[in-house]
Amino acid sequence: MGGFFGTISNSSCATDLFYGTDYNSHLGTRRGGMATLYNGVFKRSIHNLENSYFRTRFESELEKFQGNSGIGIISDTDPQPIFINSHLGKYAVVTVAKVNNLEELQNELLDKGCHFSEMSSGQINQTELISLLISQGKTFVEGIEIVFEKIKGSCSMLVLTEEGILAARDKWGRTPVLIGKKEGAYAASSEPCSFPNLGYEIEYNVGPGEIVMLTADKMTQLRKPNKKMQVCSFLWVYYGYPVSEYEGVNVDASRYASGMAMAKKDEVDADFVSGIPDSGIGMALGYAEGKGIPYRRAIVKYTPTWPRSFTPANQAVRDLVAKMKLIPNRELLKGKRVIFCDDSIVRGTQLRDNVNILYGYGAKEVHMRIGCPPILHACPFVGFSASKSHLELIARRIVKELEGDDAKDLDKYATTGTEQYNQLVERIREKLNITTLKFNTVEDLIASIGLPRECVCTHCYNGNGCF
């Protein structure tokens, strides 16, 4: 994943840019970058964040970021921002993108005489590729439309120019871009949780494929939004921050609603409900109210040093982080029947280890309630699970065990209540050593989000996503 922040004001932007970018840190742990424009000159820094935090890497450099406009990025892909000097003028770009046809586009641009200077792990930098596509246009708008047309996957971006900041949202709106406003300044961010403490109020949700220009005093629409949208449902399930809202829907309120809906259909008996920190907490609070039993903190996250667990590139590191960051409360668990709410089951390794620890601390029964349906498809649009293969997903591995073919009858395995679905859930329950296991349905998930079904992408659960 990744998240960006950009701001332009009538005064120095460095402080807002620094803290605004930092408020996107939960979206990635690989790299961070910032760039500002001052008297026609760009200043940039990019740092590796895998063993550190954004603030600690950039705080000492703040003085160099002069100027009243800048963009920042938290990225799990290549180093950003990228600088370009073209017929469009000088500009800098940050992207939240997943480019599935990178090699095809690379060859197309090389055939046109373009060249690439930014390399990462032996491959071209996808943000540089996007910037070269922009430069194929006669205007910035035309160039960004070329990106929308050419890329298979998704791409939202901020472009820092000498005239202002262009904010462009993916053509299907898979990732969010929101505009904030305060006296003498505008900002654009992937995460609206970056706005309140910096004094911004949410001014606008950028629509799918829409392009706006920000200056210190106004926002100007340069391209109207597309009529169709496929915003990623996993924003509300996992990677959205609890206080944020997208398309007017608050993340924590959605999780709470999904938990309450599940509880009202659930007949299991338990002593209390607990949430797996952090994204399972909102669901667990809703479940506790819907079920009419207490909410207790039977497992607590050690927040000072451990970030989110699936973003590190190495699976062994992810597993270690997942184990080390959660501390069970033996006093609450001993001899108790506990319902635990969690956001999702992707590979299953982390949850299996956590369940075994809970039994080791004395839990009598461990019931798991999951905020989304079983994940049967790796995401081709956003890449939230970091899965390189369908078979990294526990649900697909089980389909292969049952059918001998991991792609057989996936529509039946994705449909709640079918014989295949029930087999899938039971096999996951057995493998993870859980007393009982239930997943949220697609219908209840969409209802908890509250947007029209056709506007929300559910590809990872049932393969229904627009390409």
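- Under the 6.0 Å cut-off for aromatic ring centres, F381 and H459 qualify, their centroids lying closer than that.
- Classification of K224 and E210 as a salt-bridged pair fails, no side-chain N sitting under 4.0 Å from a carboxylate O.
- When side chains are defined from C-beta on, F4 does not count as touching I74, because their heavy atoms never get closer than 4.5 Å.
- Taking 4.0 Å as the cut-off between side-chain N and carboxylate O, K182 and D16 count as a salt-bridged pair.
- Considering all non-hydrogen atoms of both residues, H390 and L376 come closest at ND1-O, 4.3 Å.
- Put simply, the side chain of I299 does not reach to within 4.5 Å of the side chain of N329, judged on heavy atoms.
- Checked against the 6.0 Å centroid threshold, F54 and F58 count as a close aromatic pair.
- Enclosure of atom CD in E103 is not indicated, since only 12 or fewer non-hydrogen atoms of other residues, nucleotides or ligands lie within 6.0 angstrom.
- No side-chain N or O of D170 forms a donor-acceptor pair with one of S154 less than 3.5 Å apart.
- Remark: side-chain polar atoms of W236 are paired, donor with acceptor, to backbone N or O of V249 under 3.5 angstrom.
- For the pair F234 and I375, the minimum side-chain heavy-atom distance is below 4.5 Å.
- A salt bridge links D278 with K301: the closest approach of a Lys/Arg side-chain nitrogen to an acidic carboxylate oxygen falls below 4.0 angstrom.
- Using a 4.5 Å heavy-atom cutoff, the side chains of Q423 and L402 are in contact.
- Contact check on R337 versus D269 returns no salt bridge, with no Lys/Arg side-chain nitrogen under 4.0 Å from an Asp/Glu carboxylate oxygen.
- Residues in residues 195-206 take part in no salt bridge (charged side-chain N to carboxylate O under 4.0 Å, His left out) pair, two or more places apart or across chains.
- Put simply, OG on S190 and CG on L27 are 6.5 Å apart, with the number rounded to the nearest 0.5 Å.
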